[in-house]
Amino acid sequence: MFTIESYSGGAHGNYSEEVLNFDLKTDRELQFQDLFEEPSVALKLLSQYCASALKEKIGEQADADMITYETYPTLANFSEIQLAPGKVIIHFQPYQVAPWVEGAPQITVPLKKLSEAKPEAEVFSPN
């Protein structure tokens, strides 16, 4: 994961997070569609899980409309997905799903919650 910072004046700087995942056997960058046999199902499941988790995590500051819009099942909304053993971590940008005070929220999704999307075994296996 990379954090990219900038400052162009104002009350504070800004930053974004970029996640890159690679297949170490082929030295190829993995794209979302490489992670699941059924990427559209994965997007739907991530959308549901993240919307609920964000509302719980942010609490009273949560803007339900903002969260609903920014967790709609599109690749753009889930472009920063970090692979980890037994889970994926979704990185949202500052202001994407919440006010600045919340920073860049991250939601950890257990891989078992995405089983219906058929995670690619070679991508998620430890060896």
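From a predicted model like this one, the values you see are computed outputs, not experimental measurements. Just the heavy atoms: all of them, side chains too, but no hydrogens, waters or symmetry mates, feed the values below.
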List the steps and the verdict of side-chain contact (heavy atoms from CB on, under 4.5 Å) for Tyr49 and Leu114. CA-CA 10 Å; Tyr49 189 92; Leu114 303 170; over 6 Å; no
Kindly determine whether Phe32 and Leu43 satisfy side-chain contact (heavy atoms from CB on, under 4.5 Å), including the steps that lead there. CA-CA 9 Å; Phe32 189 89; Leu43 285 171; 3.7 Å; yes
Asp34 vs Arg28, test: side-chain contact (heavy atoms from CB on, under 4.5 Å). Steps then yes/no. CA-CA 11 Å; Asp34 299 323; Arg28 184 176 67 86; 3.1 Å; yes
Output, in order, the C-alpha distance, side-chain angles, deciding distance and verdict of side-chain contact (heavy atoms from CB on, under 4.5 Å) for Val88 and Lys113. CA-CA 10 Å; Val88 297; Lys113 296 288 185 181; over 6 Å; no
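The hydrophobic clustering, which links ILVMFWY residues whose side-chain heavy atoms are closer than 4.5 Å, places Val41 and Phe124 together. Clustering ILVMFWY residues whenever any of their side-chain heavy atoms sit less than 4.5 angstrom apart, transitively, puts Tyr95 in a cluster other than the one holding Ile107. Residues Val19 and Val109 do not share a hydrophobic cluster, defined by chaining ILVMFWY side chains whose heavy atoms lie under 4.5 Å apart.
The distance from the OG atom of Ser79 to the CD atom of Gln93 is 7.0 Å, given to the nearest 0.5 Å. Interatomic distance, OG of Ser47 versus CD1 of Ile67, reported as 11.5 Å (0.5 Å rounding). Rounding to the nearest 0.5 angstrom, the gap separating the CD atom in Gln33 from the CG atom in Leu75 is 7.0 Å. Interatomic distance, CG of Leu46 versus CZ of Phe36, reported as 6.0 Å (0.5 Å rounding). To the nearest 0.5 Å, the span separating CZ on Phe78 from CD on Glu70 amounts to 9.5 Å. Put simply, CD on Glu5 and CD on Glu17 are 10.0 Å apart, with the number rounded to the nearest 0.5 Å.
With a 6.0 Å radius and a threshold of 12 heavy atoms from other residues, nucleotides or ligands, Glu120 has its CD atom above the threshold. Residue Glu29 qualifies as enclosed at atom CD: its count of foreign heavy atoms under 6.0 Å is above 12. Heavy-atom neighbours of Lys87 NZ from other residues, nucleotides or ligands within 6.0 Å: at or below the threshold of 12.
With sequence neighbours excluded, the residues that form a side-chain hydrogen bond (donor to acceptor under 3.5 Å, both in side chains) with Glu38 are Lys118. When the side-chain hydrogen bond (donor to acceptor under 3.5 Å, both in side chains) test is applied to Gln106, the partners found at least two apart in sequence or on another chain are His91.
Not one N or O on the side chain of Asn21 forms a donor-acceptor pair closer than 3.5 Å with the backbone of Leu30. Within the 3.5 Å criterion, the main-chain N or O of Ala104 finds a donor-acceptor partner in the side chain of Tyr15. The closest donor-acceptor contact from the side chain of Glu80 to the backbone of Phe92 lies at 3.5 Å or more, if one exists at all. Listed for the Asn77 side chain is a donor-acceptor partner under 3.5 Å among the backbone atoms of Tyr69.
Nearest heavy-atom pair, Ala51 versus Thr71, reported as atom, atom and distance to 0.1 Å: CB-OG1, 3.5 Å. Pairing each heavy atom of Ala98 with each of Met66, the nearest pair is N-SD, 3.6 Å. Summarising the geometry of Met1 relative to Thr3, their closest heavy-atom pair is CE-OG1, 4.1 Å, with the distance given to 0.1 Å.
Two residues are said to be in side-chain contact when any heavy atoms from C-beta on lie closer than 4.5 Å; Trp100 and Asn14 meet this criterion.
Taking Ile, Leu, Val, Met, Phe, Trp and Tyr as hydrophobic and joining them when side-chain heavy atoms fall under 4.5 Å apart, one finds Ile89 isolated, its cluster having no other members.
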